[in-house]
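Only one structure is covered here, and it is reproduced in the block below.
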Amino acid sequence: MIDIKFIRSNVELMKTAISNKNEKADLDTLLALDEQRRKLQFDFDTIKARQNSVSQVIAQKKKARENADRELAEMSQVAEEIKLVAANLNGVNEEFDRLLLTIPNVPQPEVPIGKDETANTIAKIWGKQPELGFEAKDHLEIATQNKLLDLPRGAKISGSGFPIYTGFGARLERALISFMLEFHQQKHGYEELMVPLAVNRKTMTGTGQLPKLEEDMYHINEDDLFLIPTAEVPVTNIYADEVLSYKDLPKCYVSYTPCFRREAGSYGKDTRGLQRLHQFNKVEMVRFVEPEGSAQALEEMLANAEAILQAFGLHYRVVNLCTGDLSFASQRTYDLEVWAPGTGKYLEVSSVSNFGEFQARRANIRYKDKDGKVRHVHTLNGSGLATPRLMIALLETYQQADGSILIPPVLQPWLGIKL
RNA sequence: GGAGAGGUGACCGAGCUGGCUGAAGGUGCACGCCUGCUAAGCGUGUGUGGGUCAAAAGCCCACCCAGGGUUCGAAUCCCUGCCUCUCCGCCA
């Protein structure tokens with residue numbers, strides 16, 4: 001969340017940020033509630049001070065075996081008043097907190113201003129579209145021919161968007177995950193975590209999925225748990241309500257998890273094959289850093305994600321998201337889009353974001369800096385990478401004229417293949 | 001799921017026969033001293049959030065898992081929830 005003090009003194013900036021992000025947030029009501037809240041807090045403090053001081057007088061008189069009836073009579077009244085003011089204050093605070101959680105993060109100045117993805121800019125292009133020398137098939141044809149997927153049966157047992165990887169397809173998927181996990185640990189210094197796939201409401205609120213995206217998530221009613229849409233959620237929240245030391249930072253984690261998304265509202269769009277799924281696998285990088293280091297950390301994480309695509313020799317581009325395309329919690333985001341020759345499109349395989357202190361405030365993740373001052377950390381995360389579209393790009397890029405596929409050399413050891 | 005014990009500051013750990021206890025002591029951390037170096041030792045300091053203030057100091061309020069209750073007054077008593085530990089049951 002955004003610091004209310006910052007909002008108070010930067011109202012215009014906040015309004016611009018909200019509208020640039022295509023969000024709706026009721027700043028005026030929030031500010032009015034803030035006003036009320038502070039007034040009530042003042043009343044509460046004043047009367048509480050009275051209670052505390054008379055309380056001491058009573059204690060002293062009792063000790064000295066003096067009569068304190070007058071004080072006691074006054075205190076009964078004060079106690080009543082306190083109850084009233086407290087009830088009022090609690091009500092206002094609740095409403096205030098609820099509203100504050102709906103205020104989005106503020107984009108960084110470097111972020112291009114724009115309404116939607118058409119205003120995104122291309123930050124970088126790596127490699128170029130390969131010449132296959134024959135007509136490219138799309139990944140679904142290739143997968144079917146090579147018996148890598150069984151989507152109909154996945155749909156039968158769960159519904160569309162729940163893929164089954166079969167035989168070599170399953171091994172290839174597993175190899176991709178293992179390769180990426182090891183790569184980030186050995187080359188980029190991340191520590192691996194295996195985390196819960198179902199998390200509670202507080203956790204979902206901490207990273208900013210709630211309250212906004214409740215409709216997009218699978219929910220387990222009985223226990224009020226949500227299936228995670230990304231490892232970002234459990235991993236970022238591991239330090240919720242903790243105070244770390246500056247010596248602990250930066251912390252860099254990599255975690256593989258399945259991800260679950262209802263994708264409400266995006267039915268029928270780009271759904272062929274593995275393009276858009278309700279369950280998919282992703283290797284995620286998460287960093288906790290000191291505020292001064294977050295801009296650089298973002299660039300490093302982008303490079304970490306790119307390194308995977310480069311290792312596979314896949315053509316891709318880096319997209320600099322505009323304000324309207326940024327997520328609710330993000331200050332700045334790069335997307336990685338890999339080229340899929342058969343599908344004929346660039347497909348998003350990674351999103352690398354800097355959240356500043358936004359998530360750290362929500363989840364209450366702080367650290368003590370070198371001067372002993374307690375501050376919020378900055379959090380970042382980036383996919384490194386999501387597998388389905390990566391698989392698409394690999395199959396379509398490395399398909400052969402006879403319908404078979406080549407496996408990039410770096411991946412071969414993970415499949416027990418030797419050439 | 002059943003029975004018991006417990007949840008205190010960055011961490012460990014007293015207090016829990018209600019009233020100068022925001023909380024002893026220790027560790028850690030910061031600064032200083034000392035010592036060929038390191039280790040050890042000595043001294044001082046060290047909670048968070050909110051309010052008041054131009055700012056600092058000072059002062060006020062809240063916070064001893066969370067939410068209620070009892071009371072003039074609760075870290076301390078009662079209830080509920082969550083979590084941890086031990087035992088039993090069940091089970092991969």
Side-chain angles (χ1 to χ4, degrees), chain A residues 1-9 30-31 33-101 194-206 210 220-226 234 237-251 288 290-291 357-358 360-377:
Chain A
M1 68 183 90
I2 306 289
D3 186 0
I4 184 62
K5 286 185 198 159
F6 180 87
I7 297 177
R8 236 183 262 149
S9 46
L30 181 78
L31 289 167
L33 283 167
D34 179 45
E35 197 79 40
Q36 270 186 57
R37 176 183 139 262
R38 285 188 291 161
K39 161 106 179 44
L40 285 167
Q41 184 69 52
F42 181 81
D43 292 348
F44 180 80
D45 287 355
T46 307
I47 188 164
K48 260 300 206 179
R50 177 73 188 151
Q51 184 181 54
N52 288 343
S53 71
V54 177
S55 223
Q56 296 209 351
V57 174
I58 293 173
Q60 279 163 12
K61 287 203 169 181
K62 288 226 164 176
K63 216 174 216 172
R65 297 183 170 279
E66 288 171 32
N67 185 298
D69 288 353
R70 216 189 56 214
E71 284 80 3
L72 286 173
E74 182 193 345
M75 290 299 274
S76 320
Q77 253 193 334
V78 169
E80 287 304 308
E81 263 184 81
I82 287 177
K83 250 182 210 172
L84 277 177
V85 177
N88 240 326
L89 179 62
N90 286 341
V92 172
N93 270 339
E94 222 168 274
E95 187 64 12
F96 172 80
D97 291 340
R98 201 186 57 69
L99 211 56
L100 187 57
L101 286 176
M194 282 199 133
V195 294
L197 306 182
V199 301
N200 58 33
R201 207 164 265 283
K202 178 173 185 279
T203 299
M204 277 298 182
T205 307
L210 288 179
I220 302 163
N221 241 326
E222 189 78 5
D223 301 292
D224 198 22
L225 293 174
F226 296 86
N237 276 284
I238 59 179
Y239 293 117
D241 296 317
E242 292 192 36
V243 180
L244 304 168
S245 162
Y246 69 94
K247 289 180 181 167
D248 300 330
L249 302 177
K251 282 187 178 288
F288 301 83
E290 293 197 69
E357 61 171 32
F358 189 81
R361 267 187 188 279
R362 290 185 156 234
N364 192 26
I365 307 168
R366 296 174 298 171
Y367 79 105
K368 197 170 259 194
D369 72 13
K370 212 168 174 136
D371 301 321
K373 199 168 170 314
V374 176
R375 308 167 66 190
H376 289 96
V377 302

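In what follows, chains carry the letters A, B, and so on, assigned in the order in which the sequence lines appear, proteins first and then strands, with residues in each chain numbered from 1.
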Tell me the salt bridge (Lys or Arg N to Asp or Glu O under 4.0 Å) pairs involving residues 51-63 of chain A, sequence neighbours left out?
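Qualifying pairs, neighbours excluded: A:K61-A:E71.
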
Would you list the pairs meeting salt bridge (Lys or Arg N to Asp or Glu O under 4.0 Å) in which at least one residue belongs to residues 73-82 of chain A, sequence neighbours left out?
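Salt bridge (Lys or Arg N to Asp or Glu O under 4.0 Å) check on residues 73-82 of chain A returns A:R50-A:E74.
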
For A:G372 and for A:E71, find the nucleotide of RNA chain B with the closest heavy atom, then tell me which residue's nucleotide is more 5'.
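Nearest nucleotide further toward 5': that of A:G372.
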
First of A:L72 and A:A49 reached from the 5' end of RNA chain B, by closest nucleotide:
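This one resolves to A:A49.
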
Roughly how far apart, to the nearest Å, are [N] and [M] at atom [atom1]?
N	M	atom1	result
B:C53	B:G47	C1'	23 Å
B:C88	B:A75	C1'	33 Å
B:C64	B:A55	P	29 Å
B:G43	B:G81	P	50 Å
B:C82	B:G67	P	15 Å
B:C90	B:U70	C1'	41 Å
B:G28	B:A39	P	12 Å
B:A30	B:U17	C1'	41 Å

Output the rounded distance in Å from [atom1] ([X]) to [atom2] ([N]).
X	N	atom1	atom2	value
A:N364	B:C65	CG	P	16 Å
A:K368	B:C11	NZ	C1'	11 Å
A:N93	B:C61	CG	P	18 Å
A:E80	B:U71	CD	C1'	12 Å
A:N52	B:C72	CG	P	16 Å
A:I365	B:U48	CD1	C1'	17 Å
A:Q77	B:C72	CD	P	13 Å
A:I47	B:C72	CD1	P	15 Å

Partners passing side chain to side chain donor-acceptor pair (under 3.5 Å) against [X] (at least two apart in sequence or in another chain):
X	answer
A:T203	A:N200
A:D45	A:Q41
A:N67	A:D69
A:K251	A:Y239

Residues that A:I2 engages under side chain to side chain contact (heavy atoms under 4.5 Å, CB included), provided they are two or more places apart
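If we apply the side chain to side chain contact (heavy atoms under 4.5 Å, CB included) test to A:I2, skipping adjacent residues, the hits are A:F6, A:I7, A:M14, A:I103, A:N105, A:V106, A:F358.
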
Which residues pass the side chain to side chain contact (heavy atoms under 4.5 Å, CB included) test with A:D371, not counting sequence neighbours?
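With sequence neighbours excluded, A:D371 shows a side chain to side chain contact (heavy atoms under 4.5 Å, CB included) to A:D369, given in chain and number order.
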
For B:G68, does OP1 or OP2 lie under 4.0 Å from any side-chain N or O of A:K83?
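No, no such contact exists.
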
Residues two or more places apart in sequence or in another chain: which of them pass ring-ring contact (aromatic ring centres under 6.0 Å, His included) with A:F44?
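Per chain and number, A:F44 pairs via ring-ring contact (aromatic ring centres under 6.0 Å, His included) with no residue.
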
Applying a 4.0 Å non-hydrogen cut-off, can you work out what [X] is touching in the nucleic acid: base, sugar-phosphate, or nothing?
X	result
A:Y367	nothing
A:Q51	sugar-phosphate
A:K373	nothing

Return yes when atom CD of A:Q77 has more than 12 non-hydrogen atoms of other residues, nucleotides or ligands closer than 6.0 Å, and no otherwise.
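No, CD of A:Q77 has 12 or fewer neighbouring heavy atoms, counting only those of other groups under 6.0 Å.
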
Paired with [N]: which nucleotide, if any, by Watson-Crick or G-U wobble criteria at under 3.5 Å for both distances?
N	answer
B:U71	none
B:G45	B:C29
B:U84	B:A5
B:U35	none
B:G58	B:U52
B:G89	none

Short N/O separations, protein against nucleotides 18-26 of chain B, under 3.5 angstrom:
residue, atom, partner, partner atom, Å
B:G19, N2, A:S55, OG, 3.2

Could you check whether any side-chain N or O of A:D248 sits under 3.5 Å from a backbone N or O of A:S245, counting only pairs where one atom can act as donor and the other as acceptor?
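It does hold such a pair.
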
Could you walk me through whether A:L100 and A:R361 pass side chain to side chain contact (heavy atoms under 4.5 Å, CB included), step by step?
CA-CA 11 Å; A:L100 187 57; A:R361 267 187 188 279; over 6 Å; no

Nucleic acid contacts - residues 194-204 of chain A versus RNA chain B, non-hydrogen atoms under 4.0 Å:
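The stretch gives none, as no residue of it lies under 4.0 Å from the strand.
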
Stepwise side chain to side chain contact (heavy atoms under 4.5 Å, CB included) check, A:R201 with A:M204:
CA-CA 5 Å; A:R201 207 164 265 283; A:M204 277 298 182; 5.8 Å; no

When you measure from the side chain of A:V243, which nucleotide among B:C72, B:A62, B:A10 comes out closest?
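In terms of side-chain proximity for A:V243, the closest of B:C72, B:A62, B:A10 is B:A10.
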
Apply the side-chain contact (heavy atoms from CB on, under 4.5 Å) test between A:F96 and each candidate in A:L101, A:L31, A:I4; give the one that qualifies.
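Option passing the side-chain contact (heavy atoms from CB on, under 4.5 Å) with A:F96: A:I4.
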
Any protein N or O atoms within reach of nucleotides 49-53 of chain B? Criterion: under 3.5 Å, listing atom names and distances.
residue, atom, partner, partner atom, Å
B:G50, OP1, A:K5, NZ, 3.4
B:G50, N2, A:D45, OD2, 3.4

